[in-house]
Amino acid sequence: MKVNYRKNRVEVEGISDDFEPEHIFECGQCFRWNKELDGSYTGVAKNKILNIEKKGEKIFFNNTSKKDFLEIWVDYFDLNRDYSIIKNHIRDEKLDDIIEFGKGIRILDQDEWETLVSFIISANNRILMIKRVIENLSQKYGDYIGTYKGNKYYSFPTSEKLNLTTENEIRMMKTGFRAKYIKDAAEIVSNDKDWLYSLKGLNYDTALEEIKKIKGVGDKVGNCILLFSMNKYEAFPVDIWMKRIMGEIYGIKGKPEDIRKKSEKIYGKYSGFAQQYLFYYASQGKLKDI
DNA sequence: CCACAGGGCGGCA
DNA sequence: TGCCGCCCTGTG
């Protein structure tokens with residue numbers, strides 16, 4: 001990986017085979033990145049506005065500094081990982097086309113609190129709606145961060161801020177029946193941040209057991225939180241798309257939790273990466289091609 | 001108007 | 001323990 005630092009911009013070369021903005025931002029792991037008219041993606045993370053643009057072999061990290069790139073974005077985009085090793089580890093004859101289809105996916109390292117609330121909202125919900133609800137919450141209870149390419153950006157609300165709102169106010173953000181779960185989570189986390197942020201240091205099984213103590217967090221949502229914010233790469237979230245594709249290509253059927261355990265046996269410590277390639281493939285309507 | 005999509009909870013066997 | 005009805009919103 002070769003990095004050039006410019007004014008307000010960082011250019012990265014040498015990872016283009018394993019970095020496709022569309023794959024990264026449309027594979028269901030994040031909800032605050034949106035495509036601009038020029039094809040680049042703009043999003044908010046860690047209270048910063050970043051724009052990502054791929055041109056040929058180069059990846060442009062726009063609207064950022066060398067300091068933030070090194071302190072925030074290298075970890076956020078998992079830039080120190082060699083994804084060819086991951087791909088070779090999980091690859092089997094069934095996965096060749098599936099990995100190729102989503103070859104530019106990287107698993108983002110997102111904030112635990114934001115990920116917890118985002119995936120509580122994701123329960124029984126579609127991506128478009130999830131994004132809308134998170135935007136509502138951020139505009140209403142987050143802080144204005146700045147304007148970029150004509151759009152205003154707001155930080156994700158803190159647990160303290162959401163704990164000061166009522167369940168009904170949260171419901172007004174179109175959270176539906178999940179409002180009380182968000183309110184409960186805000187109360188627990190704002191009173192004991194250490195609990196949430198210490199889960200990253202626990203093993204997968206223990207962290208999963210702990211996070212499921214939050215109302216609205218079951219097996220699927222819990223695995224998403226572990227995978228997308230706690231570096232638990234053996235996590236394997238099973239939703240309706242994963243149920244379909246695992247049945248289709250491996251003949252694995254049953255309850256979501258059973259499908260997860262069987263899949264984790266197949267892919268081992270990199271199950272989460274396999275899940276992302278599989279989910280992206282299935283959710284983009286490619287199941288019929290199998 | 002109705003059907004449907006999408007995880008987790010809680011009540012009841 | 002396992003199953004099933006229900007929660008909420010938006011779209012076709």
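To find a chain, count down the sequence lines: A is the first, B the second, and so on, and within it residues start at 1.
When distances are taken from the side chain of A/K215 to each of C/dC8, B/dG6, B/dG10, the shortest belongs to B/dG10. Closest contact between the side chain of A/I240 and the listed nucleotides C/dG2, B/dG7, C/dC8 involves B/dG7. Side chain of A/V221, nearest nucleotide from B/dG8, C/dC8, C/dG10: B/dG8. Closest to the A/M129 side chain, of the nucleotides C/dC8, C/dG10, B/dG7, is C/dG10. In the set B/dC9, C/dG2, B/dG7, the nucleotide with an atom closest to the side chain of A/D239 is B/dG7.
Applying the 4.0 Å criterion to OP1 and OP2 of C/dT11, one finds that A/R126 has every side-chain N and O outside that range. OP1 or OP2 of B/dG6 sits under 4.0 Å from a side-chain N or O of A/W241. Neither OP1 nor OP2 of C/dC6 sits under 4.0 Å from any side-chain N or O of A/R178.
Using a 3.5 Å distance cut-off with no hydrogens or angles, the side chains of A/E26 and A/Y41 do pair a donor with an acceptor. For the 3.5 Å distance criterion, the side chains of A/Y281 and A/D97 fail to qualify, holding no donor opposite an acceptor.
A/R244 comes within 4.0 angstrom of the backbone, heavy atoms only, and of no base. Counting non-hydrogen atoms under 4.0 angstrom, A/V217 reaches the backbone sugars and phosphates but no base.
Protein atom CZ of A/R171 is 8 Å distant from nucleotide atom C1' of C/dC8, rounded to whole Å. Remark: C1' of B/dG7 and NZ of A/K255 are 15 Å apart, rounded to the nearest angstrom. What separates CZ of A/F31 from P of B/dG6 is a distance of 14 Å, to the nearest Å. Between the CZ atom of A/F177 and the P atom of C/dG5 there is a distance of 17 Å, given to the nearest Å. The separation between A/K174 atom NZ and C/dC7 atom C1' is 16 Å, rounded to whole Å. For A/L128 and B/dG6, the CG to C1' distance is 14 Å, given to the nearest whole Å. Going from atom CG of A/D219 over to atom P of B/dG6 covers 18 Å, rounded to whole Å. C/dC7 atom C1' lies 7 Å from atom NZ of A/K180, rounded to whole Å.
In this structure, A/R132 and A/N124 both approach DNA chain C, and ranking their closest nucleotides by distance from the 5' end singles out A/N124.
The aromatic ring centres of A/Y153 and A/Y148 sit 6.0 Å or more apart. Aromatic ring centres of A/F19 and A/Y83: separated by at least 6.0 Å.
Remark: A/K55 NZ is loosely packed, at most 12 non-hydrogen atoms of other residues, nucleotides or ligands lying under 6.0 Å away.
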